Amino acid sequence: MANTSANTYHRPAWIEIDLQQLATNFDLINCDKADALDLLAMVKDQAYGHGAYRCAEIALEKGVKMLGVVTLSEAVELRDKGITAPILLFGEHLEDQFAFCLAHKLTIFINHPQQAQLYAQHARKFDTVPDVHIEVDSGMGRYGVRWTEAVGTIVEILGTPGIRVKGIMTHFARSDELDKSYANEQLQRFQTVLTALEEKGITFPLVHTCNSGGLLDLPRAHFDMVRIGILPLGVYPSQVCRRIEGIRPIMSVKAKIVALQHLQPGDKVGYGMRYTASSPRIIGVIPLGYGDGYPRVRNTGYVLLHGKRAPIVGGNAMDAMMVDVTDIPQTQIGDELVLLGKMGNETISVHDLAHLKGTVSYEVLTNWSWRLPRVYLRGKLGRV
Ligand SMILES: Cc1ncc(COP(=O)(O)O)c(C=O)c1O
């Protein structure tokens, strides 16, 4: 089960989430942005593996106006835990999901006139006029009404009685790269749609386009609200986007050494015999593997132990990985180590693990399995 600290320490491998730093990150973002700019906290996929409810609580405490998720069960988990703030359900939703969305007071996207009519019909049964948003596809090629057809379609949607269009948005494909030409083109397309609608007297209470990359680097595109997922978690969407001083990661992955093996020259380590000891070596065994979301690497990468780097040897297994601790002779069974985060002067960042895995930081964060217990920390209060 996701998101409970009840099973903490049932295994000597866990994830720590620093809620105090999450709060600080929101404070720093609030100081950085214009006062009138609202925030939506994107807490889909358990707030990128951090735990949606715990992160949402802090986000709301820090003035976030809306929460964003993608699946109905993500939204219902938040509602069941008592969150009454507006929840925007991203993506496209099918008719068989409409009653559920209405029952849980979720705000969905309506991008086609026919969908608008169906949603309004369902809403009548609930005796409500629900808020909806419209997504304009300005070049992402994913959800929404294509910018070239948006004006006519939106006018039709607006003509549907029984729904209230509260917001309009688009989504950037390349907001966090140095080359902003495509983001600017998308913005131009979206702006053209807004202007054409404005000429017809149509405006929207809430216009939103930016993710974290856009918040940092596309001030012209902020409009009324920005939708941020990765930045409050202390991770930048890319290596090249603007920095906000003081923002730091809130996730650390830790484990304990559970066994030590004393190898003789010629001995092997792990599946596929990928490592052969060339001299007597001491190998520390860590009870966490690719099944927990650690990259399935062979003889690459390291963990932090006693403030030093212990290199990974052999191929990582589903539930275990091995590190060479020969040069850290004080190592004992039960010693704590860091797989992601800081120890002493050393740090292993999400970007380091993404590099190891040949992927992006988003995938590293969301790929940690929920069989790794999450331990929530809040300042001096310690665990919560
Ligand atoms: C539509 C939309 N808006 C905002 C975000 C948040 O992006 P980020 O985590 O880069 O802030 C996402 C995430 O994928 C998204 O799909």
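Numbering of ligands and ligand atoms starts at 1, following listing order. None of the values given here were measured: they were computed from a predicted structure.
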Side-chain H-bond candidate by donor/acceptor type, His171 with Gln186, under 3.5 Å = no

task = Compute the ring centroids of Phe100 and His104, then answer whether they are less than 6.0 Å apart.
result = yes

query = Exactly which residues line ligand 1, taking a heavy atom under 4.0 Å from it as the test?
reply = Met42, Lys44, Tyr48, Phe90, Arg142, Met169, His171, Asn211, Ser212, Arg227, Ile228, Gly229, Ile230, Tyr362

ask   = Is there a path from Tyr119 to Leu158 through hydrophobic residues (I, L, V, M, F, W, Y) whose side chains come within less than 4.5 Å of each other?
value = yes

request  = For salt bridge (charged side-chain N to carboxylate O under 4.0 Å, His left out), just list the numbers for Arg242 and Asp176, CA-CA rounded to whole Å, side-chain angles, deciding distance to a tenth of an Å, and then say yes or no.
outcome  = CA-CA 9 Å; Arg242 181 171 69 89; Asp176 56 9; over 6 Å; no

query = How far does OG1 of Thr107 sit from CD1 of Ile87, to the nearest 0.5 angstrom?
reply = 8.5 Å

Spacing of Leu194 atom CG and Ile202 atom CD1 [to the nearest 0.5 Å] = 11.0 Å

